[in-house]
Participant: 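Below you will find the structure I want to go over with you.
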Amino acid sequence: MLEDGTSFRGFACGASGTAFGEICFNTTLEGYLEVITDPSYAGQIVTMTYPQIGNYGVNLDDCQSATPALRGLVVRDMCQTPSNFRSMMTLPEFLTKNNIVAIEGVDTRALVRHIRDFGAQKAAVSTVVLDEEQLLAEVKDSPSIVGQNLVKTVSRASVDSFDELPESQAFAFMQPAEKKYKVVAYDCGAKLAILQNLVRCGCEPTVVPWNTPAADVLEMHPDGVFFSNGPGDPDAVSETYEQVREIIGKVPVFGICLGHQMLSIAAGAKIEKLKYGHRGGNEPVMNLLTRRVEVTSQNHGFGCVFSSLGVLEDEFSDVEIPEGLNGSAEDLRAWVKAGVAPVVKNEKYGRIRLTHVNLNDGTPEGIQFLDVPAFCVQYHPEANPGPTDSHYLFTAFTRLMDGDEDYLNIDIAKDRLSGWKFGSAAEGKVN
């Protein structure tokens with residue numbers, strides 16, 4: 001049941017009960033377990049657009065968190081008999097064990113089209129409240145995701161070291177690089193694969209709660225600080241972006257997804273709620289520095305407004321920015337067509353450059369601080385689930401910590417194979 005009264009009936013395929021949250025959809029073709037266990041889905045009911053879900057079962061080593069944070073799951077066809085040598089249980093068993101309400105038999109194409117036309121909204125999935133009028137009333141009375149601090153519901157409670165690389169994934173990955181960089185990672189709902197990628201590229205992460213004071217972090221004398229992905233409304237996570245303001249400029253900083261929004265807010269940017277967000281493993285993003293298009297994995301419903309970061313430098317003032325799509329305040333694809341990466345003058349941190357643009361709707365996907373060592377992207381570069389095109393961003397972080405001023409100038413076509421046994425980045429070959 002959606003807030004506007006649109007309803008769909010189907011069959012229960014998870015736990016029994018009623019789940020309330022914001023309805024959204026994910027367009028990835030695989031990686032359903034990583035989606036279901038991504039902490040960034042806290043407070044949401046996820047619709048999978050791929051028709052059959054659960055066909056290769058569940059391997060717990062692929063989970064992105066200890067327990068799922070999403071509220072509910074909607075699929076077209078749930079597979080009850082998976083076939084995969086790594087499978088430990090069926091997906092319905094996993095959902096029931098973790099008390100996730102799920103429904104199958106829904107026309108997910110119709111549901112997704114409705115969300116695209118009318119936007120994300122409050123919704124419910126229920127196996128117990130079958131009266132539509134009653135369920136609609138309960139949906140309308142449920143809280144909105146806007147204004148909620150969902151990060152505090154998924155972040156860890158204590159400081160921990162991290163060095164976990166699942167043995168069951170060793171068939172695909174080469175040995176990690178030698179530990180060289182001490183990194184403090186803010187856990188705003190960090191996916192395990194993101195922390196694992198830091199380990200694989202030579203980092204030794206110390207993971208801290210979302211609201212850890214900046215003074216405590218700086219006392220650890222890290223080589224760099226990382227701000228992770230996370231759920232919900234970034235404007236409600238003031239305790240994190242306030243720490244960004246104390247840290248940025250003192251050590252190299254890298255932010256992903258919510259981390260990108262934290263750096264943007266710290267610099268004074270306005271945050272907007274997108275009409276239906278970006279969620280899937282096939283979002284095209286233009287890297288304005290290399291002119292390469294990355295096929296990216298994404299999961300967010302909010303984004304920063306690039307123009308709110310400052311005034312354009314004079315040499316970029318002639319490019320006209322048209323009105324945007326998807327409810328966005330501006331369509332930044334004009335910069336893609338112009339072939340330039342614009343720079344604005346920020347009151348707090350000097351020059352900030354737009355580095356990445358979403359080619360579907362023209363929203364900003366990455367920025368680089370030119371006068372302090374910091375950069376961030378709106379998407380997930382760790383490929384869990386999704387393509388490996390953006391793996392180079394972890395390499396860029398190590399280069400930033402090494403003091404390389406040109407740290408983002410990386411051949412992503414070669415770096416995307418780095419660390420995998422199935423390819424050689426140096427030779428550009430696939431085995």
Side-chain angles (χ1 to χ4, degrees), residues 39-40 42-43 144-160 182-191 194-195 198 205-273 300-310 344-352 364 366-378 397 400-401:
S40 294
S144 169
I145 198 173
V146 177
Q148 282 195 66
N149 182 350
L150 293 169
V151 167
K152 63 183 180 182
T153 69
V154 294
S155 178
R156 66 191 63 211
S158 60
V159 177
D160 302 298
K182 289 178 57 179
V183 171
V184 173
Y186 272 82
D187 179 10
C188 298
K191 295 166 69 176
I194 289 179
L195 299 177
L198 290 173
T206 298
V207 189
V208 301
W210 66 285
N211 57 353
T212 302
D216 293 353
V217 170
L218 295 174
E219 283 182 2
M220 299 179 190
H221 303 290
D223 298 308
V225 176
F226 171 76
F227 289 90
S228 82
N229 64 292
D233 185 350
D235 279 326
V237 196
S238 58
E239 290 94 329
T240 301
Y241 61 72
E242 287 170 359
Q243 309 316 314
V244 176
R245 290 171 177 156
E246 299 297 322
I247 292 172
I248 197 168
K250 297 176 182 176
V251 293
V253 173
F254 176 32
I256 286 176
C257 199
L258 184 83
H260 167 82
Q261 296 161 0
M262 294 295 96
L263 267 68
S264 299
I265 294 175
K270 174 186 175 183
I271 297 295
E272 61 177 351
K273 191 176 191 307
H300 62 102
F302 296 80
C304 81
V305 178
F306 177 69
S307 61
S308 65
L309 283 167
V344 297
K345 184 69 174 179
N346 183 263
E347 293 182 357
K348 296 180 180 179
Y349 301 115
R351 296 169 300 154
I352 298 178
I367 57 175
Q368 178 187 19
F369 293 71
L370 298 180
D371 296 320
V372 292
F375 74 110
C376 52
V377 293
Q378 182 61 77
F397 185 37
L400 176 62
M401 290 186 285

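The first residue of the sequence shown is numbered 1, and numbering continues consecutively from there.
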Participant: Which heavy atom of Val253 sits nearest to which heavy atom of Phe397, and what is that distance?
Facilitator: C-CE1, 4.2 Å

Participant: Which heavy-atom pair separates Leu150 from Ala42 by the least distance, and what is that distance?
Facilitator: CD1-O, 3.3 Å

Participant: Please enumerate all residues that pass ring-ring contact (aromatic ring centres under 6.0 Å, His included) together with Tyr241, with sequence neighbours excluded.
Facilitator: none

Participant: Could you tell me which non-hydrogen atom of Asp233 sits nearest to which non-hydrogen atom of Ile145, and how far apart they are?
Facilitator: CB-O, 4.0 Å

Participant: Would you say Ser228's side chain and Asp187's backbone share a donor-acceptor pair under 3.5 angstrom?
Facilitator: no

Participant: Which residues pass the salt bridge (charged side-chain N to carboxylate O under 4.0 Å, His left out) test with Asp216, sequence neighbours left out?
Facilitator: none

Participant: Can you check whether Met401 reaches Val183 side chain to side chain, under 4.5 Å on heavy atoms?
Facilitator: yes

Participant: Using salt bridge (charged side-chain N to carboxylate O under 4.0 Å, His left out) as the criterion, list what pairs up with Arg351, not counting sequence neighbours.
Facilitator: Asp371

Participant: Under 3.5 Å, which donor-acceptor pairs link side chains of residues 256-266 to any protein atom two or more places apart or in another chain?
Facilitator:
{"from": "Gln261", "atom 1": "NE2", "to": "Phe302", "atom 2": "O", "distance (Å)": "2.9"}
{"from": "Gln261", "atom 1": "NE2", "to": "Gln378", "atom 2": "OE1", "distance (Å)": "3.3"}
{"from": "Ser264", "atom 1": "OG", "to": "His260", "atom 2": "O", "distance (Å)": "2.8"}

Participant: Does any N or O in the side chain of Glu246 come within less than 3.5 Å of the main-chain N or O of Glu242, such that one atom is a donor and the other an acceptor?
Facilitator: no

Participant: Show the nearest heavy-atom pair for residues Ala374 and Leu400, with the distance to one decimal.
Facilitator: N-CD2, 4.2 Å

Participant: With side chains defined as the heavy atoms from C-beta onward, is the minimum distance between Val159 and Pro209 less than 4.5 Å?
Facilitator: yes

Participant: Strictly distance-based, threshold 3.5 Å: is any side-chain N or O of Asn149 a donor or acceptor partner for the main-chain N or O of Val237?
Facilitator: no

Participant: Taking only residues two or more places apart in sequence or in another chain, which ones pass ring-ring contact (aromatic ring centres under 6.0 Å, His included) with Tyr186?
Facilitator: Phe227

Participant: How close do Ala267 and Ile352 get, counting heavy atoms only, and between which atoms?
Facilitator: CB-CD1, 4.1 Å

Participant: Taking Lys152's backbone N and O only, do any of them form a donor-acceptor pair with Ser155's side chain (distance below 3.5 Å, no angle check)?
Facilitator: no

Participant: Begin with the C-alpha distance, continue with both residues' side-chain angles, and end with the deciding distance and a verdict on ring-ring contact (aromatic ring centres under 6.0 Å, His included) for Phe369 and Phe375.
Facilitator: CA-CA 6 Å; Phe369 293 71; Phe375 74 110; 9.7 Å; no

Participant: Can you name the nearest heavy-atom pair linking Cys304 to Pro364, along with the distance?
Facilitator: O-CG, 3.0 Å

Participant: Would you say the side-chain atoms of Gln243 pair up with the backbone N or O of Ala214, donor to acceptor, closer than 3.5 Å?
Facilitator: yes

Participant: Please confirm whether the backbone N or O of Gly189 pairs with a side-chain atom of Asn229, one donor and one acceptor, at under 3.5 Å?
Facilitator: yes

Participant: Any non-hydrogen side-chain atom of Val208 less than 4.5 Å from a side-chain atom of Met220?
Facilitator: yes

Participant: Residues in ring-ring contact (aromatic ring centres under 6.0 Å, His included) with Phe306, at least two apart?
Facilitator: none

Participant: Check whether any side-chain heavy atom of Arg156 sits under 4.5 Å from a side-chain heavy atom of Val207, and report yes or no.
Facilitator: yes

